[in-house]
*Asks:* 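Questions regarding the structure given below will be posed in turn.
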Amino acid sequence: MWQQWFYPLLFILLVLLPAPWLGRYIHRVLEGPGHALDKGLLRLCTSDSQGQNWQRYLGSLLAFNLAGMALLMLVLMAQGFLPLNPQHLPGLPWQLALNTAVSFVSNTNWQAYSGELQLSYFSQMLGLTVQNFASAATGIAVAAALFRGISQRQGRQLGNFWQDLLRIALYLLLPMALVMALLLIWQGVPQTFNPYPVAHTLEGAQQTLALGPVASQEAIKQLGTNGGGFFGANSAYPFENPTALSNWLEMVALLLLPAAMVFAFGRYIKDSGHGRAILAAMLVLLLIGLAVALWQESLPDPTLAGLTTEPGNWEGKESRFGLTLSTLWEVATSAASNGSVNAMHDSFAPLSGLVALVNMLLGEVIFGGVGAGIYGMLLFVLLTVFLCGLMVGKTPVYLGKRLGAGQMKWVVASMLVMPLGVLVLGGLTLLLPGHEAVIGSEGPHGLSRLLYAYASATGNNGSAFAGFGASDNTQCLLLALAMVLGRFGIILPVMAVAGSLAGAAKVETGQGDFPIKGALFITLLVITILMIGGLAFLPALALGPVADALTVGAF
């Protein structure tokens, strides 16, 4: 069908066309002289307004996130006594509150609860939505610190975390979220503080309609690559995603800021060609996964052979959007660390599930989270340049900074985060009693569910295969640990590398240095990313989604 090539092409154009302009704006927000508003707020909020080295920058970041986590956990547990709770919902158990607090602070937005049934308006707005802004701003701030470390001449300071946080929230995220929320309200997304209304059906029954301040949370959920929906069914729910236009707005918002961050990096280093090469590598990986997933979803479900004449795999899809847009969303949301869904990922064909899994297991560097995607990708760029420099027997140099053993130790440490979170913590689940009930399925598909859950948590994605018992108390704690590891286990090496490169002297580049533009660099970067992911996870993937595909006859 024509939609299979036209919709993906339109989607990529809508993401890329505004990205250069938005990237320039991000650079201006972060490096401009600032305004009286953010300067006044900075003096009001902290006395630490001077430039910070990487240790102080990281310390401020960790203190801010720890305080946000504690406050959010307290709000969730005490929501029964707090205002804006017209349904009189009780507080969450401490295990679930901890899991949810860690989830939103780490930009994962893994949801082991159903929002309309368990969270008050106060918890949704002043708890979750605030952290949607804060976690997105944190990711952009870390990326900015790395950009400065790479681009500046010899020095120790990487900026000021508090200043970066305020500027990103005030001049980038808030204006964009406001415009997005107004567009969604125009399309019919609710924004109200009234109690849930009761509707009378044609059969004479009563139905409670869950409403609330949905549009404001939905806007930053998508723009900030957060993914946590107001409703349990996320963007598959009509009140959260009511029309074809709202679906396109929310889908484009998935990758808009991650793409713009690549162009912002090009502005920092004054080398737009290198930025475009990184963007091209991201697009190559995205298009490979998209091609596989679209091909798989266009085939009929072999388990329903003879029961339907409809072409393609319609199980778990929204008929409002169709196969192509549902598949496009699945690939985009797992390529970004967003995790929102407009279809049920557990119902996709096994190889489509494999695509989503691989997107996360590669470290979510195919655009990735806002800020997190580009700083994760730059770690792979440093590794690629280092390996290629060794192959030609020359000291590796990246943008005028020599790469040594110190930086590479931190880069390699970051590459261990995903295997630790997925294979070690996921494997621990299999050793616990009652794991069959948690996973909810046997055989290869059950293993795929387990891999997906821990890849999503460690990769700070937040989507899940249906049927996994995420609300189990032990899983709440293990998944919270995976989310902390996936977020701050990457931020620590990134900040250390940023500080190391900031302190390194600039050297002259020569013709013998490895080129960081063109087809050769793009190819080697893609190969490096695939090899790191393949070496760590190939056996598990073969026993999970690949075996699942063979079992159901998907080939």
Side-chain angles (χ1 to χ4, degrees), residues 15 18 22 25-26 29 64-65 68 71-72 75 84 100-101 103-111 115 119 121-141 143 164-187 189-192 212-231 234-235 237 239-241 246-261 329 332-333 336-342 367-373 460-463 487:
V15 168
L22 190 54
Y25 178 71
I26 292 170
V29 164
F64 174 75
N65 281 270
L71 181 59
L72 178 53
V75 166
L84 292 175
T100 305
S103 173
F104 278 78
V105 169
S106 64
N107 200 244
T108 308
N109 297 65
W110 171 272
Q111 294 178 282
L119 294 187
Y121 295 165
F122 188 94
S123 295
Q124 295 267 29
M125 290 176 55
L126 277 78
L128 305 188
T129 305
V130 167
Q131 283 305 318
N132 282 346
F133 281 96
S135 63
T138 297
I140 297 174
D164 290 340
L165 191 75
L166 280 171
R167 289 187 175 186
I168 294 162
L170 284 175
Y171 305 128
L172 179 66
L173 296 178
L174 276 171
M176 292 185 69
L178 176 60
V179 173
M180 181 75 169
L182 291 174
L183 291 172
L184 292 176
I185 292 171
W186 168 51
Q187 287 300 295
V189 178
Q191 184 71 16
T192 178
V214 183
S216 55
Q217 182 169 327
E218 182 70 15
I220 189 59
K221 154 200 159 182
Q222 296 300 92
L223 288 168
T225 60
N226 296 285
F230 193 95
F231 302 103
N234 212 277
S235 289
Y237 196 72
F239 285 170
E240 198 163 320
N241 186 12
S246 72
N247 189 69
W248 274 100
L249 288 170
E250 294 176 22
M251 192 165 58
V252 170
L254 285 168
L255 299 184
L256 184 58
L257 280 174
M261 288 299 297
W329 187 302
T333 197
S337 66
N338 184 279
S340 63
V341 298
N342 73 347
F367 291 95
V370 56
N460 299 139
N461 182 276
S463 62
R487 180 67 162 180

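Each residue takes its place number in the sequence, starting with 1.
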*Asks:* For Ala219 and Leu184, work out which heavy atoms get closest and say how close.
*Replies:* N-CD1, 4.1 Å
*Asks:* Taking C-beta and beyond as the side chain, do Ile26 and Leu257 meet within less than 4.5 Å on heavy atoms?
*Replies:* yes
*Asks:* If you round to the nearest 0.5 Å, how far is CZ of Phe230 from CD of Glu218?
*Replies:* 10.5 Å
*Asks:* Between Thr108 and Arg487, is there a side-chain heavy-atom distance shorter than 4.5 Å?
*Replies:* no
*Asks:* Can you see which heavy atom on Ile185 is nearest to which on Ala215, and at what distance?
*Replies:* CG1-CB, 3.5 Å
*Asks:* Let's go through Ile220 and Thr129 carefully: what are the C-alpha distance in whole Å and the side-chain angles of both, what is the deciding distance for side chain to side chain contact (heavy atoms under 4.5 Å, CB included) to 0.1 Å, and is it a yes or a no?
*Replies:* CA-CA 7 Å; Ile220 189 59; Thr129 305; 3.9 Å; yes
*Asks:* Taking all atoms of both residues into account, what is the closest heavy-atom pair of Ser340 and Thr333, and its distance?
*Replies:* O-OG1, 2.8 Å
*Asks:* Which heavy-atom pair separates Val341 from Ser463 by the least distance, and what is that distance?
*Replies:* CG1-CB, 4.2 Å
*Asks:* Do the non-hydrogen side-chain atoms of Leu126 and Val75 ever get within less than 4.5 Å of each other?
*Replies:* no
*Asks:* Say you draw a straight line from CG of Asn461 to CG of Asn109; how long is it, rounded to the nearest 0.5 Å?
*Replies:* 9.5 Å
*Asks:* Once rounded to the nearest 0.5 Å, what's the spacing between atom CG of Asp164 and atom OG1 of Thr138?
*Replies:* 10.5 Å
*Asks:* With side chain to side chain contact (heavy atoms under 4.5 Å, CB included) as the criterion, how do Val130 and Leu71 come out once you've worked through the C-alpha distance, each side chain's angles and the decisive distance to 0.1 Å?
*Replies:* CA-CA 11 Å; Val130 167; Leu71 181 59; over 6 Å; no
*Asks:* Mind checking what makes salt bridge (Lys or Arg N to Asp or Glu O under 4.0 Å) contact with Glu250, not counting sequence neighbours?
*Replies:* none
*Asks:* So, for Ala259 and Val15, which heavy atoms are closest and what is the spacing to 0.1 Å?
*Replies:* CB-CG1, 3.9 Å
*Asks:* Between CG of Leu254 and CG of Leu249, what distance do you get to the nearest 0.5 Å?
*Replies:* 11.5 Å
*Asks:* For the OH atom of Tyr121 and the CG atom of Leu84, what is their distance to the nearest 0.5 Å?
*Replies:* 9.5 Å
*Asks:* Answer yes or no: is there a donor N or O on one side and an acceptor on the other, between the side chain of Ser103 and the main chain of Trp110, under 3.5 Å?
*Replies:* yes
*Asks:* Enter the distance from Ser123:OG to Leu128:CG here, rounded to the nearest 0.5 Å.
*Replies:* 7.0 Å
*Asks:* Using a 4.5 Å cut-off on heavy atoms from C-beta on, say whether the side chain of Ser337 contacts that of Asn107.
*Replies:* yes
*Asks:* Taking C-beta and beyond as the side chain, do Thr225 and Pro258 meet within less than 4.5 Å on heavy atoms?
*Replies:* yes
*Asks:* Given side chains that start at C-beta, do those of Gln191 and Ser216 come closer than 4.5 Å, heavy atoms only?
*Replies:* yes
*Asks:* Side-chain contact test, heavy atoms from C-beta onward, threshold under 4.5 Å: evaluate it for Gln217 versus Gln124 and give yes or no.
*Replies:* yes
*Asks:* Report yes or no: do Asn234 and Asn342 form a side-chain donor-acceptor pair below 3.5 Å?
*Replies:* no
*Asks:* With Pro190, which residues qualify under side chain to side chain contact (heavy atoms under 4.5 Å, CB included), at least two apart?
*Replies:* Leu211, Val214, Phe239
*Asks:* Going through the checks in order, is the side chain to side chain contact (heavy atoms under 4.5 Å, CB included) test met by Glu240 and Lys221?
*Replies:* CA-CA 11 Å; Glu240 198 163 320; Lys221 154 200 159 182; 2.6 Å; yes
*Asks:* What are the two closest heavy atoms between Gly371 and Met261, and how far apart are they?
*Replies:* N-CG, 4.0 Å
*Asks:* Take Asn338 and Gln222 through the side chain to side chain contact (heavy atoms under 4.5 Å, CB included) test and state the conclusion after the steps.
*Replies:* CA-CA 7 Å; Asn338 184 279; Gln222 296 300 92; 3.6 Å; yes
*Asks:* Report all side-chain donor-acceptor pairs from residues 165-182 shorter than 3.5 Å, counting only partners two or more places apart or in another chain.
*Replies:*
{"residue": "Arg167", "atom": "NH1", "partner": "Val29", "partner atom": "O", "Å": "3.4"}
{"residue": "Arg167", "atom": "NH1", "partner": "Leu30", "partner atom": "O", "Å": "3.4"}
{"residue": "Arg167", "atom": "NH1", "partner": "Gly32", "partner atom": "O", "Å": "2.7"}
{"residue": "Arg167", "atom": "NH2", "partner": "Gly32", "partner atom": "O", "Å": "3.3"}
{"residue": "Arg167", "atom": "NH2", "partner": "Pro33", "partner atom": "O", "Å": "3.3"}
{"residue": "Tyr171", "atom": "OH", "partner": "Asp38", "partner atom": "OD2", "Å": "2.7"}

*Asks:* Under 3.5 Å, is there a donor-acceptor pair linking the side chains of Ser235 and Asn241?
*Replies:* no
